[in-house]
2 protein chains.
Amino acid sequence: MPTDTVKGFPIPSVRRLPLYLRLLRELRGEGHDSVSCTRIAESLDQGTVQVRKDLAITGIVGRPKVGYQIPELIDAIETFLGWKNTRDAFLVGAGSLGSALLGYEGFGDSGLNIVAAFDTNPEKVGTRIHEKEVLDWESFHDLAHRMHILIGILTVPADVAQEVTNAMILAGIRAIWNYTPAKLEVPPTIVVEDVRLSSSLAMLSSRLTRLLESQR
Amino acid sequence: MPTDTVKGFPIPSVRRLPLYLRLLRELRGEGHDSVSCTRIAESLDQGTVQVRKDLAITGIVGRPKVGYQIPELIDAIETFLGWKNTRDAFLVGAGSLGSALLGYEGFGDSGLNIVAAFDTNPEKVGTRIHEKEVLDWESFHDLAHRMHILIGILTVPADVAQEVTNAMILAGIRAIWNYTPAKLEVPPTIVVEDVRLSSSLAMLSSRLTRLLESQR
DNA sequence: TAGATTGTTAATCGATTAACAATC
DNA sequence: TAGATTGTTAATCGATTAACAATC
């Protein structure tokens, strides 16, 4: 089978892996050594089969009657996700959302280290936001190349999103975490992950609307 | 059919509605009056049938040969999502992520207005973040009741998430936008929408990892 | 009328769940 | 050994896509 035909993993399973990881780290902290699917399923309010299927994509195998070794399982998930070593990232667009992400301390647990921010606004360039330097967008290309940065976080206004994306790719960026509502056009060798807060908000407000309607 | 058995709408369709809305508002701004599924599908890089199915959940009907009337379609989507009138929300937890959301200006397009923030930290209480007041968490209950606030945005540390959730519900909150990694336990009449940035990051980094592996 | 476009019904695909066999 | 738990195969469910009928 040629490598570019390799089958992907179920998207919902990959998205659930961080939930398991968080729980497992907690259990490890409490001194537990092994854990069963039943136990995990209960804590996360899911089915046991789903837990087994999800964990299986990391290549881990459990032992009947015992369950899974927690350290081994944590290692397998971190390896699968590429979270064993933290990866450096550059953020572009130091607006309110960008600033927030710069200050968010939870990404370390997820193998991500935001090194610096970039902006075109001369009033922002040269300042620091949450201890991180805001650099001139002009210097992005050279710095990203020199530091071998592979991840770009996109928090610019939607109307310049595509333009910035193109420049990121030329600078060697291979994966873009897109917080803008724009649909980015990229070559197939570039990874794009859209955050789409508006989709999440659509779920929240439509369900609330249905709920309120049903009670009138 | 009893109202509590009403069939839900396909989740992926609801999550795509904001994408259509954004495009339609843009087309309206350019002076267009009607639009076909083919046109929408092209712009968003999807299939035409999916577009029709998605739009159908709002109850809209198009005209063969012509397409959909843009103002009518915008109205139908906004009505379905409950975005015709903006709804007020309280945010709890004025940390870095919370501050970011307070400053984010895009929520207005999505029918959400964050009125104020709440925190327990005395150094934050009384200050303003992006023009919004930070109030004492103690005053949440009374204010939420008095102002009939239905939406709570949860950006507190994970270990107090459940506790804050319980208090929110007692204060009359009906829908919680949960930015913490905690799995919240709530009665069935309360809407919870989890944002789970770590799931998104898991997708990004696992795909990047696979990509880099395949090239070695 | 002819052709473009909508809307619906059927087929496919992928994810979840159920049933059961394997194993420590 | 018996029983708990894993892992796999089959059945179900939901979403997407394809085929086609309806209509302006």
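Note on naming: letters A, B, ... go to the chains in the order of the sequence lines (proteins, then strands), and numbering restarts at 1 for each one. The figures that follow rest on heavy atoms only: side chains count, while hydrogens, waters and symmetry mates do not.
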Footprint string (nucleotides 18-24 of chain D, 5' to 3'): B base within contact, S backbone only, - free, heavy atoms under 4.0 Å: B----BB
Residues 166-185 of chain A vs ring pair (Phe, Tyr, Trp, His ring centres under 6.0 Å), sequence neighbours excluded, gives A:Phe107-A:Trp177, A:Trp177-A:Tyr179
5′-ward residue of the pair B:Ile60/A:Gly47 relative to DNA chain C: B:Ile60
State, with a plain yes or no, whether a side-chain heavy atom of A:Arg87 is found less than 4.5 Å away from one of B:Thr209. yes
Whole-Å distance, B:Leu55 CG to C:dT8 C1', equals 15 Å
When B:Asn85, B:Thr86, B:Asp88 are each screened for side-chain hydrogen bond (donor to acceptor under 3.5 Å, both in side chains) with B:Asn113, the one that passes is B:Asp88
Atom CD1 of A:Ile11 and atom C1' of D:dA15: how far apart are they, to the nearest Å? 13 Å
Are any of the side-chain heavy atoms of A:Leu201 and B:Pro18 separated by less than 4.5 Å? no
For residues 35-52 of chain A, pull every pair meeting side chain to side chain donor-acceptor pair (under 3.5 Å), keeping only residues two or more places apart or in separate chains. A:Tyr20-A:Gln46, A:Gln46-A:Gln50
Can you tell me how the ring of B:Phe118 sits relative to the ring of B:Phe140, calling it parallel under 30°, perpendicular over 60° and tilted otherwise? perpendicular
Which of these passes side-chain hydrogen bond (donor to acceptor under 3.5 Å, both in side chains) with A:Asn178: A:Thr155, A:Asp194, A:Thr165? A:Asp194
Taking CD1 from A:Ile57 and C1' from C:dA15, how many angstroms apart are they, rounded to a whole number? 12 Å
Heavy atoms under 4.0 Å, any strand shown: does B:Gly67 hit a base, just sugar-phosphate, or nothing? sugar-phosphate
Would you give the length of the straight line joining atom CD1 of A:Ile11 to atom OG of B:Ser199, rounded to the nearest 0.5 angstrom? 12.0 Å
May I ask you to check if A:Arg210 and B:Phe80 form a cation-pi contact, with NZ or CZ under 6.0 angstrom from the six-membered ring centre and within 45° of the axis? yes
Mind listing the residues from residues 68-82 of chain B sitting with a heavy atom below 4.0 Å of DNA chain C? Number order is fine. B:Tyr68
Which parts of residues 31-45 of chain A get close to DNA chain D, meaning a heavy atom less than 4.0 angstrom away? A:Ser36, A:Cys37
Any side-chain heavy atom of A:Leu170 within less than 4.5 Å of one from A:Asn166? no
So, are A:Lys84 and A:Asp75 salt-bridged, with charged N and O less than 4.0 Å apart? yes
Anything below 3.5 Å on both distances counts as a pair; with that, list the stems of at least three consecutive Watson-Crick or G-U pairs involving DNA chain D. C:3-24 with D:3-24
Interatomic distance where CD belongs to A:Gln46 and P belongs to C:dT16 [whole Å]: 9 Å
When the distance from CD of A:Gln50 to P of D:dT5 is rounded to whole Å, what number comes out? 19 Å
In short, B:Thr180 meets B:Val156 closest at the heavy-atom pair CG2-O, 3.2 Å
Whole-Å gap separating P (C:dA15) and CZ (A:Arg15): 13 Å
Qualifying residue for side-chain hydrogen bond (donor to acceptor under 3.5 Å, both in side chains) with B:Trp83, from A:Ser205, A:Ser206, A:Ser198: A:Ser205
